Amino acid sequence: MSRKPKPAALPAPPPPPEGVEVFGLGDAATLAFVVERRRRQDVAAAEELRGVAAYADANRVDETDPMICRAIEPDLGPLYYGPLLGREGELRLAGQGAFAVCEFAVAELAAALGMSEAGARAYVGQAVELRDRLPRLWGQVMVGVVPAWKARQVATETIPVSAEAAAYVDAQLAPFAHRLSLTRTLRAVEAAILRHDPALAAERARKAAEKRGVWVEDRIDGISEIHAITGTPDAVAFDTALNAVAGSLKALGNTDPEQVRRAKAVGVLADPQYALDLHTDAIEGFTGIAGSTTDHGTGHVARVPRLGPRALETVEQWLGGLTPGARVTVTPVVDLNQSISVDAHEAPDRLRNQVDERDHTCVFPWCGRRGRYDLDHIEPYVDPDEGGPPGQTSTANLAKVCRFHHRVKTHSEWDYRREPDGSLTWTSPLGRSYTVDHQGATALD
């Protein structure tokens, strides 16, 4: 029995010309449009990556005087990047043998690209790593064979390894990285490191085990996500415990779906005595669940420490699910419309609480850090004994900034001011401007 000859593949249609509306085209023409746009994105990403590496070059730490960061301009010679003596650190973002970069220069890049500080540092490190330690893979990116996003993932994996291991990965992977999925590419990197330096691979595995942890991310409507990385035996034990508590809740008459009961079990397990009592009650056939009510007074919104404003219905739901022995503390609502000012440098608690409620995160463009923060005087504080005006520590003149961006503002040419509408306008050392308000950051250039 002979097979029918396979028809010749049809050539891909050319992408529609510029200005043509893509909707209404046939499937083949639409797909060609998408592929062409992806190709353009890859070209632009490669050019941007080259620009980031060049920017890092221009902001190398002066190795002859490591206490001073300089911006190197080919035509103008070394220019000092502001009054940075002893105040600006150096960042070694790529692997062994790579040069260091001035940290405040990376902050400028982060703001210009709308990235977090951590994201910008990773980007600079990947660019330098690819160009200087993975030159073959860099070349494949620059000619459009390997997309920049995939090469950056490889660079992230090779930054911690020795120069010899990185060179081996580059030689083995660069010729065929474009033919592999990202998962296979990263596995090939791991295999190359294992073959070239098994001791290093073992050390990486040991360090990976140290990254175990549990993270809680608050969402809206009284719900949070829990993300955990742990050893497999612990994960199995936890899963078994959730099933046991969920089963006890069902025995006590809870009619929620299984996954909802497993979610409630997380709170039960947080109180071992409650979990024990619950298990005992389920065994004895106890079917009554005690509850309590709380009078919230008038209004529709409650402010919860660390979590911000929440609907009263949400708070009532939380209170209804409290474990025995839990305690609720009610504090007065902070008035954000009140203007508070004092003559001292330190802010009193009522002023600090007000700023904490107003500024949910660090107010540097696109930072978004929560947790520990500093209260910064937008207009620098001048001691009244030295001629400073009264009321400098005030609602309008204070802002919440993380420790890093406090240093950036204090020890570099970054500056900001509060506008009449309450927003903040930041100006970078290179003259770029950004506005930050309760809705986020916007580049004004």
Side-chain angles (χ1 to χ4, degrees), residues 1-55 109-116 119-120 122-124 126-127 129-131 134-158 169-170 172-192 217 219-221 223 225 227 259 365-366 368 434 439-445:
M1 180 178 178
S2 62
R3 294 183 177 181
K4 295 177 63 177
K6 186 177 181 179
L10 297 176
E18 294 290 343
V20 172
E21 176 57 61
V22 65
F23 297 104
L25 299 176
D27 287 352
T30 302
L31 185 59
F33 174 88
V34 172
V35 170
E36 172 62 16
R37 266 52 187 183
R38 171 58 61 85
R39 185 194 67 80
R40 295 184 186 183
Q41 287 183 20
D42 289 343
V43 170
E47 294 175 347
E48 182 179 309
L49 191 66
R50 186 169 65 246
V52 170
Y55 183 78
L109 177 71
L113 296 183
M115 301 176 70
S116 68
Y123 195 4
V124 172
Q126 293 158 356
E129 175 76 5
L130 278 167
R131 190 195 62 186
L134 304 172
R136 294 180 178 85
L137 190 57
W138 170 269
Q140 295 287 69
V141 174
M142 291 301 109
V143 298
V145 175
V146 176
W149 62 265
K150 183 183 288 187
R152 289 174 58 188
Q153 292 286 333
V154 175
T156 298
E157 296 299 313
T158 61
V169 170
D170 190 36
Q172 297 299 314
L173 188 61
F176 57 88
H178 63 289
R179 300 176 59 185
L180 302 177
S181 67
L182 177 60
T183 299
R184 291 187 61 193
T185 299
L186 297 181
R187 285 177 180 171
V189 173
E190 183 180 7
E217 181 180 354
R219 298 180 62 186
I220 60 176
D221 300 330
I223 298 298
E225 290 187 0
H227 176 66
Q259 286 301 328
W366 291 287
Y434 311 87
Q439 295 180 328
T442 303
L444 300 181
D445 302 292

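These figures come from a predicted structure and were not determined experimentally.
- Remark: L130 CG to L49 CG distance equals 6.0 Å, nearest 0.5 Å.
- With contacts defined as side-chain heavy-atom distances shorter than 4.5 Å, the pair R50/M142 qualifies.
- Taken from OH in Y434 to CG in L444, the straight-line distance is 9.0 Å, to the nearest 0.5 Å.
- The shortest non-hydrogen separation linking A441 to P365 is CB-CA, 4.0 Å.
- Nearest heavy atom pair, residue A46 against residue A148, reads N-CB, 4.3 Å.
- Counting only heavy atoms from C-beta outward, the side chains of E36 and R40 approach each other to under 4.5 Å.
- Between R187 and E190, none of the side-chain N atoms (NZ, or NE/NH1/NH2) sits under 4.0 Å from a carboxylate O, so this pair counts as no salt bridge.
- With values rounded to the nearest 0.5 angstrom, E129 atom CD is found 8.5 Å from T156 atom OG1.
- A donor-acceptor distance shorter than 3.5 angstrom exists from the side chain of D170 to the backbone of L137, with no hydrogens or angles considered.
- Between Y123 and E48 the shortest side-chain heavy-atom distance falls below 4.5 Å.
- Between the Q140 side chain and the A174 main chain, a donor and an acceptor come within less than 3.5 Å of each other.
- In this structure the side chain of V43 reaches within 4.5 angstrom of the side chain of R39, judged on heavy atoms.
- By the 4.5 Å heavy-atom criterion applied to side chains, E157 and V169 are not counted as neighbours.
- Contact check for L182 versus Q153: side-chain heavy atoms found under the 4.5 Å cut-off.
- A heavy-atom distance below 4.5 Å is not found between the side chains of Y55 and V124.
- Using a 4.5 Å heavy-atom threshold, the side chains of L113 and W366 count as separate.
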